[in-house]
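Remember, it's 1-based here, ligands and their atoms both numbered in the order they're listed. Values below: all heavy atoms of this structure, side chains included; hydrogens, waters and symmetry mates excluded.
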Amino acid sequence: MNVLITGGAGYIGSHTCLELLLKKANVFVYDNLSNSNVKSLVLVEELARNKVGFYKGDIRNCYELSSFISSNMIDCVVHFAGLKSVGESNSDPVKYYDNNVSGTISLLKAMERCKVKKLVFSSSATVYGTPNELPISEAAPTSTINPYGQSKLLVEKILADVAKADSDWKIANLRYFNPAGAHPSGLIGEDPKDIPNNIMPYVSQVAVGKLEKLSIFGGDYNTPDGTGVRDYIHVTDLAKGHLAALNYLNSSQACGFSSFNLGTGKGVSVLELIKAFEKASGKNIPFDIVARRQGDVAACYADPTKANKVLGWKAELDIERICQDAWRWQVNNPTGY
Ligand code: NAD
Ligand code: UDP
């Protein structure tokens, strides 16, 4: 199987490339390196003892992308390429719609041209907005409050229309909950360019002494300990979810456009996460409880039953393992790649 991975040099993409190579797939990465370092792929090749076909290019360049797809005889695509900062999407919405929405349209055109019609898309639990019910199933209503979330929801709608118009398309839309952790080797992991917005890399940098202390955004939520609750999923489990989705797309069971939650089904509070990280690292994590962050929901965790049943996939690793692996990556690579 020849798989194109757009955005494959990034955090989730590199872990997925590794799992695919370990399963003997032929992996071809197309990435403009706008938020990644090609060293991630060198390390993936080292871990897998196998090669990745890499091309530095922007998915909005439909001509180059089409030639890459046809020259490598691609069978299916996993589409990670996108921008992911909620804050930046608020200040520069056009950049987000252009990269995430126009970029996906360009990819769809290139795939049509090359008659490749199997696609796995990286969506996000952000499309559920403020959930009415927990855990969240795929049938829950969708809504978004920022351009990043809106770009994911727009792409989901475009993909559903594409599959509706042409029954040859098979599309697995994966809604990730909170990806975290790193490969257990400590060789590849998350490498934020600026001060992290997400809690896990922030806590790691506090533990290693790069940042002074964590600000907990809100201690008065209607949750067991008052802090925000999320469903943290180990990046290796998440990567394996993509392999399960590709197997599904290659089976006779696959039809049109289907959405799947990729999460553990278990909610973990900020205070619980800090405790697990302190245990894993042996370091004290100083924190202050400050005002809530605008746009945050109190609690968000998945009902992963559909992915369990249809994809035969289940997250295996818990918050302890996530923290241990995040810590190993942080200590081995204090300045990233
Ligand atoms: P990342 O930034 O590490 O990886 C994205 C990769 O895409 C980067 O290597 C970047 O250089 C590349 N890229 C961006 N725009 C491109 C373009 N126009 N052309 C070619 N390459 C381009 O992010 P990640 O955490 O690995 O996320 C991967 C995907 O999963 C994204 O679409 C993101 O929105 C989605 N997602 C991430 C999370 C999360 O918390 N990490 C949660 C839900 C969904
Ligand atoms: N959070 C926090 N301090 C931080 C970053 C995040 O208290 O510096 C909290 C945030 O309010 C939420 C949880 O940690 O309850 C997860 O936040 P993250 O940004 O990692 O993910 P998302 O909000 O996208 O689910």
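Between Ser40 and Ile188 the shortest heavy-atom distance is O-CG2, 3.9 Å. Of all heavy-atom pairs spanning Leu47 and His183, the tightest one is CD1-ND1, 4.1 Å. When all heavy atoms of Gly181 and Val235 are compared, the pair lying nearest together is O-CG1, 3.7 Å.
Residue contact annotation: Ala180 has no non-hydrogen atom under 4.0 Å from ligand 1. Under the 4.0 angstrom criterion for non-hydrogen atoms, Thr6 is not in contact with ligand 1. Taking a 4.0 Å cut-off on heavy atoms, Tyr232 registers as neighbouring ligand 2.
Counting non-hydrogen atoms of neighbouring residues, nucleotides and ligands closer than 6.0 angstrom, the CG atom of Asn222 reaches no more than 12 such neighbours.
Residue Leu214 has no N or O atom closer than 3.5 Å to an N or O atom of ligand 2. Inclusion of Tyr202 in the set of residues having an N or O under 3.5 Å from an N or O of ligand 2 is not warranted. Between Ile59 and ligand 1, at least one N/O pair is under 3.5 Å apart. Between Ser34 and ligand 1, at least one N/O pair is under 3.5 Å apart.
Taking the six-membered ring where tryptophan is involved, the planes of Tyr96 and Tyr148 are perpendicular, since the angle between them exceeds 60° and thus also 30°. In this structure, His79 and Phe121 have tilted ring planes: the angle between them lies in the 30° to 60° band. Classification of the Phe80-Tyr176 ring pair by plane angle, with boundaries at 30° and 60°, yields tilted.
Residue, atom and distance of the protein heavy atom nearest to atom 3 (O) of ligand 1 are Tyr11 N, 2.8 Å. In terms of protein heavy atoms, atom 2 (O) of ligand 1 is closest to Asn35 ND2, 2.7 Å. The protein heavy atom nearest to atom 4 (O) of ligand 1 is Gly10 CA, 3.5 Å. Of all protein heavy atoms, the one closest to atom 5 (C) of ligand 1 is Gly82 O, 3.9 Å. The protein heavy atom nearest to atom 24 (P) of ligand 1 is Lys84 NZ, 3.7 Å. Summary of contacts: the protein heavy atom closest to atom 37 (C) of ligand 1 is Ile12 CD1, 3.8 Å. Atom 39 (C) of ligand 1 has Pro179 CG, 3.6 Å as its closest protein atom, hydrogens excluded (heavy atom only). The nearest protein atom to atom 10 (C) of ligand 2, hydrogens excluded, is given as Asp296 OD2, 3.4 Å; this is a heavy-atom distance.
Neither the backbone nor the side chain of Ala125 has a heavy atom within less than 4.0 Å of ligand 2. At a 4.0 Å heavy-atom cut-off, ligand 2 touches Asn198 through backbone and side chain alike. Proximity of Ser123 to ligand 1, defined as any heavy-atom pair under 4.0 Å, is confined to the backbone N, CA, C and O atoms. With a heavy-atom cut-off of 4.0 Å, Asn99 touches ligand 1 through its side chain alone. Of the heavy atoms in Asn178, only side-chain atoms (C-beta onward) come closer than 4.0 Å to ligand 2. If you look at Ile199 next to ligand 2, the close heavy atoms, those under 4.0 Å, come from the backbone and the side chain alike. Of the heavy atoms in Asn100, none comes closer than 4.0 Å to ligand 1. At a heavy-atom distance under 4.0 Å, only side-chain atoms of Arg293, from C-beta outward, approach ligand 2. Contacts between Lys152 and ligand 1 below 4.0 angstrom, taking non-hydrogen atoms only, involve the side chain exclusively.
Between the choices Leu238, Ile233, Asp31, Asn197, the shortest heavy-atom distance to atom 8 (C) of ligand 1 belongs to Asp31. Of the candidates Tyr176, Phe177, Tyr148, it is Tyr148 that places a heavy atom closest to atom 33 (C) of ligand 1. Across the listed options Leu174, Asn32, Asp98, Asn32 owns the non-hydrogen atom lying nearest to atom 21 (N) of ligand 1. For atom 28 (C) of ligand 1, the nearest non-hydrogen atom from the set Tyr96, Phe121, Phe80 belongs to Phe80.
To the nearest 0.5 Å, atom NZ of residue Lys152 and atom CZ of residue Arg175 are 12.0 Å apart. Taking CD from Gln324 and CG from Asp318, the interatomic distance works out to 8.0 Å, rounded to the nearest 0.5 Å. Ile216 CD1 to Leu271 CG: the interatomic distance, rounded to the nearest 0.5 Å, is 4.5 Å. In this structure, Asn90 CG and Gln294 CD are separated by 8.0 Å, a value rounded to the nearest 0.5 Å. Between the CG atom of Asn247 and the CD atom of Gln253 there is a distance of 11.0 Å, given to the nearest 0.5 Å.
Using a 4.0 Å cut-off between a side-chain N of Lys or Arg and a carboxylate O of Asp or Glu, Lys164 and Asp161 do not qualify as a salt bridge.
Taking the side chain as every heavy atom from C-beta outward, Phe54 and Val42 never approach each other to under 4.5 Å.
Asn261 and Tyr128 are linked by a side-chain donor-acceptor pair at a separation below 3.5 angstrom, with hydrogens and angles left out of the test.
Here the side chain of Asn2 pairs a donor or acceptor atom with the backbone of Asn72 at under 3.5 angstrom.
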